Amino acid sequence: MANPKIKSSIIPYCEQHVMSTQPIYNFSAGPAVLPEAVLRTAQHEMLDYNGTGFPVMAMSHRSDMFMSILHHAEQDLRQLLNIPNNYKVLFLQGGATTQFNMTAMNLAHGFKSIDAVITGNWSRLAAEQMPLLGNAKVNIAAHGGELFDYKDLPAVEDWNISKDSAFVHFAINETVNGLQYQDVPKLSDSMPPLVCDMSSEILSREFNVADYGLIYAGAQKNIGPAGVTVVIIRDDLLDRCPKNIPSVFNYRTHIEKDGMYNTPSTYPIYMSGLVFRWLQTQGGVQAIEAVNNLKAKTLYDAIDGSGGFYINPIAVSARSKMNVVFKTDSAKLDKLFVQEADLRGLRLLKGYKTVGGMRASIYNAMPLAGVEALVEFMQDFQRRYG
Ligand SMILES: Cc1ncc(COP(=O)(O)O)c(C=O)c1O
């Protein structure tokens, strides 16, 4: 039987989409906006990839055609992030959530503890999952704000790390709560390796891969569609991967089988490769970082310049440039804001259920024009209801 809830939410969207000539800006936190040029290339190549006569979706993952797609995706990612040769790159399935457990299963074997920094929804979930398999306990090395209210970030100097822990885990950008470390954290060489959830900020700004032991990122924000997770791991850490964990959860298995231990997520990898190439045409990470800085400044200036009508509750030094959370002083007005914005083509601005208010996710593929359209609407809304 059809679900009436789903029907009613889909039909108005499609009708508006067909009838409207105004641009649609997608502020979803993920799966999120993709560059239009990428979607057009994918459309063009849908039935026949590069003259092969094959749709990418129907290629064997072991065919030369797909192996070439995978190879180029990896090379382009390496170029964009300047990944050193002693780091391996994997395109895995299971989302960033699977990495909460895989990191612990692979890197904490034989260790008594893992240090976890908790600064929001995702790093909290990771810290809860990490001790479930294996003997390592999780120490909370630092947490964000008073009573875990996630309004500020603990300084790296204040992380309480034990030198003999397996690794230190943190999320550099908290998608739900709208916090981001503005200076990319790093630890001294005598400290355990840093393991970082970069799901909602990878490729948005420059950083030094060599400061990390392992980086993981679900694709569906700055990389491509959902269904693939990038893992970048320093090769000496592979020695830690134990033999007695299931092969599919073992990083070493995937490396030894060149990413072909089981069927990889072929189409999302192809799409991610297109996004990497698009980013290269934009001038790479350094160039997109400048645009991202401008977009974030434009939006925070609008919030701060609203005389308190719009509020961003995050400490200024911890504000995310990817996920901007804001609200008015009334939940009713917030609801109306989201509804009216939707009619103006400013879509999916509703805040996460535990946070409420609004959240504008302004990843790499969101053009400055989208942020400017949002700011114009915010000012108009304030004139009418402020
Ligand atoms: C920072 C962060 N970590 C982890 C996740 C979980 O990702 P997935 O749903 O792909 O497992 C998300 C999802 O939004 C996220 O934003």
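One-based numbering, in listed order, for ligands and for the atoms of each. Quick caveat, the model's predicted, so the values are computed rather than measured.
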_Parallel, tilted or perpendicular: rings of F170 and W159 (30°, 60°)_ = tilted

Can you list every pair where an N/O of ligand 1 is under 3.5 Å from an N/O on the protein?
{"unit_1": "ligand 1", "atom_1": "3 (N)", "unit_2": "D197", "atom_2": "OD2", "d": "2.6"}
{"unit_1": "ligand 1", "atom_1": "10 (O)", "unit_2": "A96", "atom_2": "N", "d": "3.4"}
{"unit_1": "ligand 1", "atom_1": "10 (O)", "unit_2": "Q220", "atom_2": "NE2", "d": "2.9"}
{"unit_1": "ligand 1", "atom_1": "11 (O)", "unit_2": "A96", "atom_2": "N", "d": "3.2"}
{"unit_1": "ligand 1", "atom_1": "11 (O)", "unit_2": "T97", "atom_2": "N", "d": "2.9"}
{"unit_1": "ligand 1", "atom_1": "11 (O)", "unit_2": "T97", "atom_2": "OG1", "d": "2.5"}
{"unit_1": "ligand 1", "atom_1": "14 (O)", "unit_2": "K221", "atom_2": "NZ", "d": "2.8"}
{"unit_1": "ligand 1", "atom_1": "16 (O)", "unit_2": "W122", "atom_2": "NE1", "d": "3.3"}
{"unit_1": "ligand 1", "atom_1": "16 (O)", "unit_2": "T175", "atom_2": "OG1", "d": "2.4"}

*So do the side chains of P367 and Y25 get within less than 4.5 Å of each other, counting heavy atoms only?*
yes

_Which label fits W122 and F100: parallel for a plane angle under 30°, tilted from 30 to 60°, or perpendicular past 60°?_
tilted

*Would D380 and R344 pass as an ion pair if we require N to O under 4.0 Å?*
yes

*Ring centres under 6.0 angstrom apart (Y261, Y251)*: no

*Between F381 and Y385, how do the two ring planes meet: parallel, tilted or perpendicular, split at 30° and 60°?*
tilted

